[in-house]
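Below: one structure, written as structure tokens.
In what follows, every chain begins at residue 1, and chains take the letters A, B, ... in the order their sequences are listed. A quick note: this is a predicted structure, and the numbers were derived from the prediction, not measured.
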Amino acid sequence: MLNYALRRLLITIPILILSTFLTFGFVSSSGDPLADLRQQPNITQEQIQRVREMRGLDDPFPVQYLRWVEQIPQGGFGEYLISPRPIWPDLQRVMGNTLQLVVAAELIAFAIAVTLGAVSAKKQYSVFDYSTTTLSFLGFSMPSFWFALLLQVGVVIIYRWTGYRIFPIANLSSPNPGTGMAFWLDRAHHLVLPIASLAIFSIASYSRYMRASMLEVMSSDYIRTARAKGLSERKITTRHMMRNALIPTVTVAALSFGTLISGAIVIETVFGLDGMGRYFINVIGRRDPYPIMAWLVIVGFFLMLANLLADLLYGYLDPRIRYE
Amino acid sequence: MRSPSIRRWRGVGLVMAAALVITACGGGDDPEPEPEAPEETEPDAEEEPTEEPTEEEEATGPVQGGTVLFGDEQEPTILNGWLIDGNSLVTSKVNSNVFPGAYVIQPDFSYAPSLIDGEAEFTEDPFSVTYTIREEAVWSDGTPISSEDFVFTFETIMDMEAAWADQITSRNGYELISDYEVVDEKTVTFNFTEPFAAWQLLFAAILPAHVLEGEDFTTVMNDTLPDVSGGPYIFDSWDKGTQLRLVRNENYWDGEVMLDELIFRYVPDTTTLTQQMVGGELDVYDPQPQIELIDTLEGASDQLQYETGLGPVWEHIDFNTLVPGLDKDYVRQAIALGINREQIVETLVRPVFADAEVLNNPFWMANSEFYEPSYSQWDYDPDAAVALLEENGCTRDGDFFTCDGDTLSFRISTTGGNERRELTQQLIQADLAAIGIEISIENDEGAAFFERLNTPDNCGGVCDYDIGLFAWVGSPSPSGNANIYGCDGDELRPQNWTAWCNEEITNLMDEANSSVDPQVIADLWNEAAQVFADGAPVVPLFQQPQLVAWENGVTGPQLNATNATNLWNAGTWARTE
């Protein structure tokens, strides 16, 4: 399995190189990154031209790409275009914040969805089953930004009625978040609404997969055999049904990482969270190609990692799968 | 009265909120109610909410202490406002409270001496300005603010050999200073090679020489500011992406600062910021006003108040006068006559600011005492527009006129995605269709539009736009317009994107810029505005409205729609009992 994982990781290198080359081409041809400066009457054409020359913006695209590649090992993705500030510290900061949001949303969504899906399947055609089905379709059809706005308005209404803020409307932390455990409690408090907004779609999606998968497993021969052997229903459900039913759900969850990241872009903007999504919107707005590239490389890497993780999890969940 | 949107979603929101309480309580620490605690003693307004102030509470005056949370849509890129990357209003909001300036621009666009003792003295021939610094003015560490600081600021900006030389945003005015004389610790004279009309804009922020001497100006104020301040607040910390904290300068020389802290909270979404204001998480904010936003603020009028006014950002259309058809004065004049600017203001601006008017001068904003409505000669008159075209031999065979073989069909372009501009385009399109001029809308997303705008030399001939709709930021001094609309001989100045070259107007602008008598300057710019209006290379539309809102527990915020920003008087803000 280790060999397989290493081989998969090595394959990511040429994929990353090719994708960065293509992406750099798209980004650098999408417009003049210094166009904004021209709106400022105080900044002269000479100044703009000097920045252009200093950063080699008039060089051919492959030359610019190689210059960018050279910067990566020297200090983590180089510097911003206009002011010579390193990109990595900013990325490092927002990456941590987004991971908190996305991982928490994914874990919570997975746990809730697996439970809902399994119970729905076990109680097929019950009131509970119909209710979760209805709510799942509601979750599917509701845009996350709209749900986020609903939550914010709800909190405001409660505040206006009672004077109490049950959850913060925005930001990652309070003005004075404290340290240690107090800091993390404050952070968790601030992440409740964003996680709920981000997880709602995943819960709807995963629970449907889990339910369908459970129903398929429940009617299989080995479940009947297990019952015939006299295993308890709890053991049958947890060891045989759920474990096997989890395989497609895990696949969907791992492959949904990209969806979660794109969801995070919206959610971080709505809730004013200092994460990868908001950072991406910010650097896109400034049309600075270097941080955009850095962002894409990191997200690309994590996407590939998520796919690898999905493959490895198959083996754990289904020992019949062997890696070659 | 609550806002309609809040009323509409009240029921749904409650259900959702209740569901979340059930599912998500484990992750957070529920805030404890604190019904008796007055807000001004609470350093963390978000953490522990207090009850809405009663009428009795509102009637009480400012008290010492407390925190004000200011919400902002944008965050500074770097904190050094002197460098290109830090040249933004959001940086100014911070810097203006840390670095003292000679003058502060007032809400009525006038200049008030701040760091200096009365008006600066100046001589006209040769032109020199003498600043006498207030005797009591000191940095927060007790060091007097001195002539040396003025000189250090000047030399930092003008050091052409320094690593940051290419990064300085503007040397406008400073480059005319030939030498200086330090008269004494508190008096310094700067001599100019020629008069500079906007001299009051110079030294708007002074650097502490004793702290920054020998530092690399390229990096020293990127992520932090000096730990000494000459303004009402001292920089404390910047948690990027979240907030920037200023704390009270105990040694502030211009009156007692009431607040303990002024914290900027950064959230990029206006809707969210507004929910935070109404939800009691913010104390002050100044978003771009929109109709729905005003409705929401009105709905929370028991809890907060707001002020709207005309801002320095003025919308206009620019003609590319090298485009066939638009190279003719009478065509541009007909377009100016054919656009119902009054309707544009009525539709798009008055719902936000009821007193808004059509802007009729490209150089003086309507807030200025020098404003004269030179463009009122182009008040909406579609019949006159058609008559003007016909008088000049234009023929109308179908829907549209043809003049000298050029069919009057033009593109209008702007920053796509800006709703107000897109609506403006549609109104213009309909107005001009009615007088026989075809307008097609061709936008670029966001700032990509500005790539089209340039001088012909920089885009290989005729730049790729016919009519551009965008805005410039006005200033108490119109001096910068000489670069935007002037030309030297046949050579266009750097930002003359209209390519309209008029010697008379250039001379008037240059003469105004080398005058120092305010009335002479005003007359010259108004004369230039009249010549400009006659040629109509640009049609001003309106000044964008601005807004500042604050909760009832705060006193002091006042709209200042100039580059001084709405934080211009933050040193006087306070919380009330």
Side-chain angles (χ1 to χ4, degrees), chain A residues 31-32 35-45 47 50-51 54 80 82-85 90 93-94 97 149-160 163-176 185-186 188-189 191-193 195-196 269-272 274 278 281 285 287, chain B residues 6 9-10 12-14 16-17 20-21 24 27-31 33 43-44 46-47 49 51-52 67 69 77-78 83-85 87 166-167 169-170 172 218 222 240-243 263 265-269 271-272 275-276 278-281 446-448 450-451 453 458 472 480 483-484 494-495:
Chain A
D32 180 4
D36 283 353
L37 294 184
R38 284 218 296 279
Q39 298 171 62
Q40 302 182 26
N42 288 329
I43 296 174
T44 62
Q45 288 296 327
Q47 276 178 297
R50 274 199 293 273
V51 174
M54 204 167 64
Y80 289 96
I82 295 175
S83 62
R85 294 174 298 119
D90 285 345
R93 185 189 75 240
V94 296
N97 293 337
L149 290 175
L150 275 185
L151 294 179
Q152 289 178 332
V153 171
V155 169
V156 169
I157 291 169
I158 291 170
Y159 170 74
R160 299 265 296 151
Y164 297 122
R165 274 181 227 102
I166 53 172
F167 296 115
I169 296 165
N171 291 108
L172 264 179
S173 55
S174 302
N176 298 301
L185 282 175
D186 178 73
H189 192 207
L191 283 177
V192 170
L193 297 192
I195 286 172
T269 303
V270 173
F271 287 101
D274 179 36
R278 182 172 151 188
I281 297 281
R287 289 189 296 173
Chain B
I6 287 183
W9 299 115
R10 178 184 292 162
V12 183
L14 270 176
M16 296 293 180
L20 270 171
V21 173
D29 47 345
D30 294 336
D44 183 348
E46 184 181 323
E47 269 293 278
E51 289 196 74
E52 293 169 23
T67 298
L69 303 177
T77 310
I78 58 172
L83 303 186
I84 291 174
D85 225 7
N87 178 33
D166 284 337
Q167 297 279 316
T169 303
S170 173
N172 195 22
T218 322
N222 279 357
K240 283 189 181 179
T242 303
Q243 64 179 19
I263 299 177
R265 303 276 284 171
Y266 299 115
V267 171
D269 186 79
T271 308
T272 305
Q275 293 299 337
Q276 283 190 289
V278 179
E281 281 186 16
F450 289 98
E451 289 177 44
L453 305 176
N458 286 317
W472 285 115
N483 263 344
I484 299 176
Q495 281 161 311

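- Remark: side-chain polar atoms of A/R160 are not paired, donor with acceptor, to backbone N or O of B/V278 under 3.5 angstrom.
- To the nearest 0.5 Å, the span separating CD on B/Q243 from CG on A/D274 amounts to 11.0 Å.
- In this structure, chain A has heavy atoms under 4.5 Å from both the backbone and the side chain of B/T242.
- Judged by distance alone, with hydrogens and angles left aside, the side-chain atoms of B/E281 form a donor-acceptor pair with the main-chain N or O of A/I169 at under 3.5 Å.
- In this structure, chain A has heavy atoms under 4.5 Å from both the backbone and the side chain of B/D166.
- Using a 4.5 Å cut-off between heavy atoms, A/L149 touches chain B through its side chain atoms alone.
- Interface remark: A/D90 contributes side-chain atoms only to the contact with chain B (heavy atom separation under 4.5 Å).
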Worksheet item: How far apart are the C-alpha atoms of A/N171 and B/Q276, what are their side-chain angles, what is the distance that settles it, and do they pass the side-chain hydrogen bond (donor to acceptor under 3.5 Å, both in side chains) test?
Response: CA-CA 10 Å; A/N171 291 108; B/Q276 283 190 289; 3.1 Å; yes
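- Between A/I281 and B/P268 there is no side-chain heavy-atom pair separated by less than 4.5 Å.
- The shortest distance between side-chain heavy atoms of A/P175 and B/L69 falls below 4.5 Å.
- Looking at B/T272, its side chain does come within 3.5 Å of a backbone N or O of A/V270 through a donor-acceptor pair.
- For B/D85, the side chain to side chain contact (heavy atoms under 4.5 Å, CB included) partners are A/I82, A/S83, A/R85, A/R286, B/T77, B/I78, not counting sequence neighbours.
- Closest heavy-atom contact between A/A170 and B/V267: CB-CG2, 4.1 Å.
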